[in-house]
There are 2 protein chains.
Amino acid sequence: MRKSKFVSIYNDLSEKIHQKKIDAGALLPTENELCAQYQASRETIRKALAMLSRNGYIQKVQGKGSIVLDVSRQNFPISGLTSFRELAAHSKRQWTTNVHQVVLLKPDEHLKMVMNLQDGQTVWQVVRSRSTEGESVILDRDYLIQEVVPLLTADQCAHSLYDYIENELGLKIGFAKKEITVEPANEDDYHYLTMHEGTHVVVVRSLVYLENAQLFQYTESRHRADKFRFVDFARRDHM
Amino acid sequence: MRKSKFVSIYNDLSEKIHQKKIDAGALLPTENELCAQYQASRETIRKALAMLSRNGYIQKVQGKGSIVLDVSRQNFPISGLTSFRELAAHSKRQWTTNVHQVVLLKPDEHLKMVMNLQDGQTVWQVVRSRSTEGESVILDRDYLIQEVVPLLTADQCAHSLYDYIENELGLKIGFAKKEITVEPANEDDYHYLTMHEGTHVVVVRSLVYLENAQLFQYTESRHRADKFRFVDFARRDHM
DNA sequence: GAAAATTTGTACGTATGTATG
DNA sequence: CCATACATACGTACAAATTTT
């Protein structure tokens, strides 16, 4: 068994909820019944349920049970750490990626500060745009610390950076901090994006860290405002 | 003891991290040491640590320990369910709220669909704007199901809707689904907001549910684009 | 309305596996 | 290889909320 038991149970239950084998509004089997079904202890079941709860699949009510939520109109949360690849896979649109630049460079002062870089550290700069229906609507500018990612080719960037980083290099991504703002479009936006109406773009700045808490990537993702949409599921903490 | 033990431990540790009694980059005491310090079992400690991890305070590394993250520049996540009141409390600015409307109404077809309302159900409509430094920059339009919130006064809306709902009515909020988009400003935006440059606003639509999974509120929050900022901490799931 | 049964929430203990140093 | 520290899993007991009797 590669994965842990509670993750398998989580996957199985979330699948069933997606496939509507369990209706929204209905109750899941009780924890004890699930223990029997999956041959697991109650603690293991509860870990799987906590994960379902965090991700918006169920609502737990003490003394009652776990209510299945309507996940159909949830429209794939952009929250979490889903890469563009994963996102595009869930979307109905056809997307294409254009790689404009893959270069190794010495960071300027601003980037050194943002990424908290040491003297002598170099970074890969990757500039890509994403198009759908003949229009270029997203401009991504990634900076990756070379010590972590020694080599990078345009080919890898055209496919999926995260695939390469996680599967080829074996690095594991831990967490990210994101900030979303709206800013006036700059020269590059007008150059790389298909801008018609509107002079503003949505800017998503992310700092991405590995599992050992080491920062390894900074990304500035610029979206044509009318194509931008962010969906979030938020739970009042405690538990 | 009102709160559960692991929440107390979470609060204590998060406090210490905020106050820099534990430096960013340093390791927390080991789980066993924490067991001794707090006179708790390892499982209880681990629940507190999992909560710290989810909220961006620490990064757990197997075999090593729990690394304290830099929470200083984290700038209070707008993620989660923080109400405007709580948000304003964390902000350095001075905010004022203007209540423009508090009325009971029969929902139109659109609202009935969005809120999944039954025939005969009525809703409170609350329209408020938020101002800082003499400029009105946020326009909030809340719809609350009257069966859940029987009575509503302008006074309560001027103070804090959530305070009233959670503390006075004793209702507990469970979770919310949010969607963020950028849209052209409409008549009301020009009327209620101080719009200068820019013809677009950021629209945050939220469906808010109680702990028993019952929807009770729909909110459309319209922000002047140049004053909008959304900060998020995202973790790659598993655990 | 009250008591009993059911179901989830919290806490503790123990054992074993896995990653780090 | 070994010690340390975190990860997973099972089991038990009791508390708190809900539903049923």
Side-chain angles (χ1 to χ4, degrees), chain A residues 1-13 25-54 57-69 170-172 174 210-214 235-239, chain B residues 1-13 25-54 57-68 170-172 174-175 210-214 235-239:
Chain A
M1 200 198 316
R2 291 194 41 71
K3 287 178 277 191
S4 44
K5 202 164 177 177
F6 75 87
V7 175
S8 306
I9 298 172
Y10 166 85
N11 287 332
D12 191 57
L13 287 172
L27 293 175
L28 280 189
T30 68
E31 295 182 351
N32 282 323
E33 285 168 347
L34 290 170
C35 289
Q37 280 184 37
Y38 290 102
Q39 284 297 302
S41 72
R42 184 152 166 247
E43 164 124 350
T44 303
I45 295 296
R46 283 178 59 74
K47 273 195 190 173
L49 295 184
M51 209 162 152
L52 289 170
S53 171
R54 280 204 300 283
Y57 286 99
I58 62 170
Q59 173 71 10
K60 308 197 73 182
V61 181
Q62 186 172 358
K64 192 173 182 185
S66 297
I67 305 169
V68 176
L69 301 181
L171 299 172
K172 289 199 178 157
L210 297 175
E211 269 193 342
N212 62 2
Q214 185 192 5
R235 187 170 279 290
R236 196 131 260 217
D237 211 319
H238 55 58
M239 110 124 283
Chain B
M1 199 198 317
R2 290 191 44 70
K3 286 178 277 192
S4 44
K5 203 165 178 176
F6 75 88
V7 175
S8 306
I9 297 172
Y10 165 84
N11 287 333
D12 192 57
L13 288 172
L27 292 175
L28 281 188
T30 69
E31 295 182 350
N32 282 324
E33 285 169 345
L34 291 170
C35 290
Q37 279 183 36
Y38 290 102
Q39 285 295 304
S41 73
R42 182 147 170 254
E43 164 121 351
T44 303
I45 294 297
R46 283 177 58 74
K47 272 194 192 173
L49 295 184
M51 209 163 151
L52 288 170
S53 171
R54 279 204 302 282
Y57 286 99
I58 62 170
Q59 173 70 9
K60 309 194 72 180
V61 182
Q62 186 173 358
K64 191 173 181 184
S66 297
I67 305 170
V68 176
L171 299 172
K172 290 200 177 155
F175 59 94
L210 297 175
E211 270 194 340
N212 62 2
Q214 185 192 5
R235 187 170 280 289
R236 197 132 259 218
D237 209 319
H238 53 58
M239 108 126 287

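Here is the naming used below: chain letters follow the sequence lines, and residue numbers restart at 1 for every chain.
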For atom CG of L52(A) and atom P of dT8(C), their distance in whole Å = 13 Å
Interatomic distance where CG belongs to L49(B) and P belongs to dA11(C) [whole Å] = 14 Å
Whole-Å distance between dA7(D) C1' and I45(B) CD1?
-> 16 Å
Does R42(A) get its side chain close enough to the base of dA9(D), under 3.5 Å, for a donor-acceptor pair?
-> no
Report the distance from atom NZ of K47(B) to atom P of dC6(D), rounded to the nearest whole Å.
-> 18 Å
Any R46(B) side-chain N or O less than 4.0 Å from OP1/OP2 of dC6(D) = no
Could you state the atom-to-atom distance from CG of N212(B) to C1' of dT19(D) in whole Å?
-> 15 Å
Roughly, in whole Å, what's the span from CD1 in I58(A) to P in dT7(C)?
-> 16 Å
Within the sub-3.5 Å range, which N or O atoms of nucleotides 17-21 of chain C have a protein N or O partner, and how far apart are they?
| unit_1 | atom_1 | unit_2 | atom_2 | d |
| --- | --- | --- | --- | --- |
| dG17(C) | N2 | Q62(B) | NE2 | 3.2 |
| dT18(C) | O2 | Q62(B) | NE2 | 3.0 |

State which of dT8(C), dT8(D), dC12(C) makes the closest approach to the side chain of T30(A).
-> dT8(C)
What is the minimum heavy-atom distance between L171(B) and L210(B), and which atoms define it?
-> CB-CD2, 4.1 Å
Between P of dA17(D) and CG of L171(B), the distance in whole Å | 16 Å
Give me the residues of residues 31-41 of chain B where at least one heavy atom lies under 4.0 Å from an atom of DNA chain C, by number, or none.
-> Q39(B), A40(B), S41(B)
Closest nucleotide of DNA chain D for E43(B) versus for P29(B): which of these residues is on the 5' side?
-> P29(B)
Does K60(B) make a side-chain N or O approach to OP1 or OP2 of dA7(D) shorter than 4.0 Å?
-> yes
Separation of L69(A) CG from I58(A) CD1 (nearest 0.5 Å) = 8.0 Å
Out of curiosity, K60(A) NZ to N212(B) CG, how far, rounded to the nearest 0.5 Å?
-> 16.0 Å
Here the pair of heavy atoms bringing S53(B) nearest to R235(B) is O-NE, 2.8 Å
Under 4.0 Å between a Lys/Arg side-chain N and an Asp/Glu carboxylate O for E211(A) and K64(B)?
-> no
Applying side-chain hydrogen bond (donor to acceptor under 3.5 Å, both in side chains) to T30(B) and not counting sequence neighbours gives none
Quickly work out the K172(A) NZ to dA7(D) C1' distance and round it to whole Å.
-> 13 Å
Could you pull out the closest heavy-atom pair between S41(A) and C35(A), with the gap in Å?
-> C-SG, 3.7 Å
Given dA9(D), dT10(C), dC6(D), which nucleotide is nearest the side-chain atoms of K5(A)?
-> dA9(D)
Rounded to the nearest 0.5 angstrom, the CG-CG distance for L34(B) and L49(B) is 6.0 Å
Inter-residue atom distance R236(B).CZ - K172(A).NZ, 0.5 Å rounding = 11.0 Å
Report yes if a side-chain nitrogen or oxygen of S4(B) is closer than 4.0 Å to either non-bridging phosphate oxygen (OP1 or OP2) of dG9(C); otherwise report no.
-> no
Closest approach of G25(B) to I67(B) (non-hydrogen atoms, all atoms of both residues) | O-CG2, 3.9 Å
